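Note sheet for the following structure.
Just so you know, ligand 1 is whichever comes first in the structure, and atom 1 is the first atom listed for that ligand. The structure presented is a predicted model; accordingly, all values stated were derived computationally and were not measured. By convention here, the first residue in the shown sequence is residue 1.
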Amino acid sequence: HEFCDAGMGYNVVGCGGSDSSSRRILIKGGTVVNAHHQEVADVYIDDGIIADVKPNIKVGDEVAVIDATGKFVMPGGIDPHTHLEMEFMGTDSTETIDDFFSGQAAALAGGTTMHIDFVMPVNGSLSLGFKAYVEKAKKSCMDYGFHMTITKWDDTVAREMEIMVKEKGINSFKFFLAYKGIVMINDELLLEGLKKCKSLGALAMVHAENGDAVFEGQKRMIELGITGPEGHALSRPPLLEAEATARAIRLAGFINTPLYIVHVMSIDAMEEIAKARKLGQRVVGEPVVSGLVLNDSGLWDPDFNIAAKFVMSPPIRAPGHGRALQAAVSMGVLQGFHVVPENTGKSAFGKLVGTDHCTFNSTQKAFGIDDFRKIPNGVNGIEERMHLVWDTMVASGKISVTDYVRITSTECARIFNIYPKKGAILPGSDADIIILNPNSSFQISSNSHHSRSDTNVYEGWIGKGKVEITIVGGRIVWENNELKVNLGSGKYIKMPPFNYLFDGIEKADVSYISSLRAPVNRFKAMQ
Ligand SMILES: NC(=O)NCCC(=O)O
Ligand SMILES: [Zn+2]
Ligand SMILES: [Zn+2]
């Protein structure tokens with residue numbers, strides 16, 4: 001089998017490797033952390049499911065015991081935003097280098113046990129796109145879900161959206177407001193999509209940049225003779241991210257349906273979300289780890305191969321944006337959904353953190369050596385997210401360990417309506433668990449990472465906290481720095497519509513209509 005290649009550098013169970021992991025495991029004496037609570041307890045796993053969580057669980061000799069004393073036992077990470085084996089930006093750049101096997105193996109080595117990937121339609125057809133992704137995902141070694149991308153509009157697309165939600169387990173649709181001439185849609189299509197999402201109880205997601213203005217910005221750079229990777233960032237400043245974010249928020253408010261803004265990269269866009277949140281609109285802002293911990297300095301590196309690896313959209317911003325996004329994440333989580341007033345509880349900035357893992361190797365990035373517009377956009381992160389969020393947010397004292405669980409796992413499970421099957425260490429939840437040692441450290445390098453890419457945007461990062469064990473579906477797949485992944489064992493997780501963001505939305509319809517009438521009433525009162 002192609003995945004049994006020794007070159008993969010890790011053991012593939014089901015391809016000749018031996019499956020030493022037990023179906024019954026007791027994790028003893030660790031600090032078990034959920035988003036709402038932490039306690040020292042044991043966790044008993046039977047046949048892929050968490051059977052019990054309490055102190056001093058007694059088991060027989062046949063059960064494998066892991067001593068987790070002094071360590072944190074937490075739900076495996078859920079990455080809400082990945083692009084595995086995706087065709088993107090024309091045929092020249094081919095597909096992202098990580099497929100559903102290598103990308104997921106990398107995820108498991110870094111403590112992420114589920115991800116949600118974006119299905120790309122085939123010639124605008126959602127069913128053909130779905131079929132293609134079902135095929136791609138057959139090699140999965142961990143559970144996964146799908147978002148669906150909408151790139152055109154007609155009656156067939158509208159009907160297929162219904163099928164996706166009612167039959168295929170998709171509860172979110174993404175609209176690109178950028179990538180003009182490739183996948184960008186206009187406001188008319190966005191409005192149709194928002195209406196359809198609302199009627200289906202599906203979450204609308206947007207990539208928020210003004211694609212027409214970006215196109216103009218790119219022309220300007222080329223006219224100025226700026227063709228290198230720095231031209232990418234200069235052509236699409238925060239202003240254009242903020243404009244599209246504000247526009248999408250207002251249109252979602254006009255339709256009165258919840259909105260999820262992917263990869264928020266700038267203070268400017270984050271402030272638009274904060275403003276909407278204050279007004280009680282149901283908006284979720286998703287920071288990604290590259291936007292939180294990196295800055296744009298890499299884009300100015302004189303070595304094209306180094307600079308090009310940082311090209312993603314919206315761009316990684318100047319120093320200051322990342323720090324502000326980190327602060328917003330810590331404030332957002334400190335105001336957790338259970339303590340904020342009712343209206344603001346249905347919106348959030350940074351209650352979850354994704355990656356937008358969309359990896360191209362240096363040969364693929366080199367398609368744009370003479371013209372930054374041809375550099376395929378995207379960076380890695382699926383393997384690094386859990387460590388980097390721990391290091392920059394928890395080890396630095398910005399957030400608590402319970403907050404960490406919420407932003408890396410639980411809130412994603414809630415938003416995509418699969419909690420508490422995922423995102424919790426509770427009896428009955430899937431046994432997707434990590435054991436993190438806060439006194440150990442991690443180091444990132446393209447020489448040792450598990451992605452197929454030959455580069456890593458976090459190259460050389462050394463930080464505190466180490467995921468020592470990953471358990472997925474009740475099997476130990478990462479231990480002693482060794483991966484033993486189970487080819488084809490990952491399951492597709494259907495995600496039902498009408499998540500908590502839709503609770504009481506009809507009431508908001510009524511108050512929206514009265515708010516439209518309010519100025520009229522005020523005017524009448526003045527007469
Ligand atoms: N973000 C990026 O540069 N690539 C992935 C596709 C997208 O999410 O826009
Ligand atoms: Zn995007
Ligand atoms: Zn993306």
Notebook entry, point to check: Lys174: heavy atom below 4.0 Å from ligand 1, yes or no?
Noted result: yes

Checklist line | Residue His81 vicinity, atoms of ligand 1 by number, heavy atom under 4.0 Å | finding: 8 (O)

Checklist line | Short N/O/S contact of His263 with the Zn ion (ligand 3) (below 2.8 Å) | finding: no

Check: Hey, which atoms in ligand 1 end up nearer than 4.0 Å to a heavy atom of His207?
Finding: 9 (O)

Margin query: By the definition side chain to side chain contact (heavy atoms under 4.5 Å, CB included), identify the one residue from Val119, Val157, Ile150 that meets it with Phe173.
Written below: Ile150

Notebook entry, point to check: Is the shortest distance from a heavy atom of Phe118 to ligand 1 less than 4.0 Å?
Noted result: no

Check: Of all N, O or S atoms in His207, which has the smallest distance to the Zn ion (ligand 2)?
Finding: ND1

Check: From Asp79 CG over to Cys412 SG, what is the distance, rounded to the nearest 0.5 angstrom?
Finding: 7.5 Å

Notebook entry, point to check: So Lys422 and Asp432, salt bridge (charged side-chain N to carboxylate O under 4.0 Å, His left out) or not? Walk me through it.
Noted result: CA-CA 8 Å; Lys422 301 287 185 188; Asp432 294 347; 2.7 Å; yes

Notebook entry, point to check: What atoms of ligand 1 come within less than 4.0 Å of a heavy atom belonging to Phe88?
Noted result: 6 (C)

Next item on the list: Assess the side chains of His450 and Glu383: does a donor N or O sit below 3.5 Å from an acceptor N or O?
Entry: yes

Next item on the list: Please work out the angle at the Zn ion (ligand 3) defined by atom NE2 of His83 on one side and atom OD1 of Asp356 on the other, rounded to 10°.
Entry: 90°

Checklist line | Tyr133 and His147: CA distance, side-chain angles, deciding distance, ring pair (Phe, Tyr, Trp, His ring centres under 6.0 Å) verdict | finding: CA-CA 11 Å; Tyr133 271 71; His147 313 286; over 10 Å; no

Margin query: Below 4.0 Å, non-hydrogen atoms only: which portion of Asp356 touches ligand 1? Side chain, backbone, both or neither.
Written below: side chain

Checklist line | Atoms of ligand 1, numbered as shown, that sit under 4.0 Å from any heavy atom of Cys358 | finding: 4 (N), 5 (C)

Checklist line | Element-labelled atoms of ligand 1 that are located less than 4.0 Å from some non-hydrogen atom of Met312 | finding: 3 (O)

Next item on the list: May I have the step-by-step check of salt bridge (charged side-chain N to carboxylate O under 4.0 Å, His left out) for Arg452 and Asp99, ending in yes or no?
Entry: CA-CA 9 Å; Arg452 287 207 179 104; Asp99 62 17; 3.0 Å; yes

Note to self: The test is side-chain contact (heavy atoms from CB on, under 4.5 Å); show your working for Val283 and Tyr260 and say whether it passes.
What the structure shows: CA-CA 6 Å; Val283 184; Tyr260 181 110; over 6 Å; no

Notebook entry, point to check: Any idea how Phe146 and Phe130 line up, ring-wise: parallel (<30°), tilted (30 to 60°), or perpendicular (>60°)?
Noted result: perpendicular

Note to self: So if I count the atoms of ligand 1 from 1 in the order they appear, which ones are less than 4.0 Å from some heavy atom of Ser313?
What the structure shows: 1 (N), 2 (C), 3 (O), 9 (O)

Note to self: Angle between ring planes, Tyr492 versus Tyr144, binned at 30° and 60°: parallel, tilted or perpendicular?
What the structure shows: tilted

Notebook entry, point to check: Which atoms of ligand 1 sit under 4.0 Å from any heavy atom of Phe176?
Noted result: 7 (C), 9 (O)

Checklist line | Ring center gap for His81 and Phe118 short of 6.0 angstrom | finding: yes

Note to self: Distance check below 2.8 Å: does His81 bring an N, O or S atom to the Zn ion (ligand 3)?
What the structure shows: yes

Margin query: I'd like to check which ligand 1 atoms, numbered from 1 as shown, lie under 4.0 Å from a non-hydrogen atom of Tyr179.
Written below: 1 (N), 2 (C), 3 (O), 4 (N), 6 (C), 7 (C), 9 (O)

Next item on the list: Would you mind checking which non-hydrogen protein atom is closest to atom 4 (N) of ligand 1, with the distance to 0.1 Å?
Entry: Asn377 O, 3.2 Å

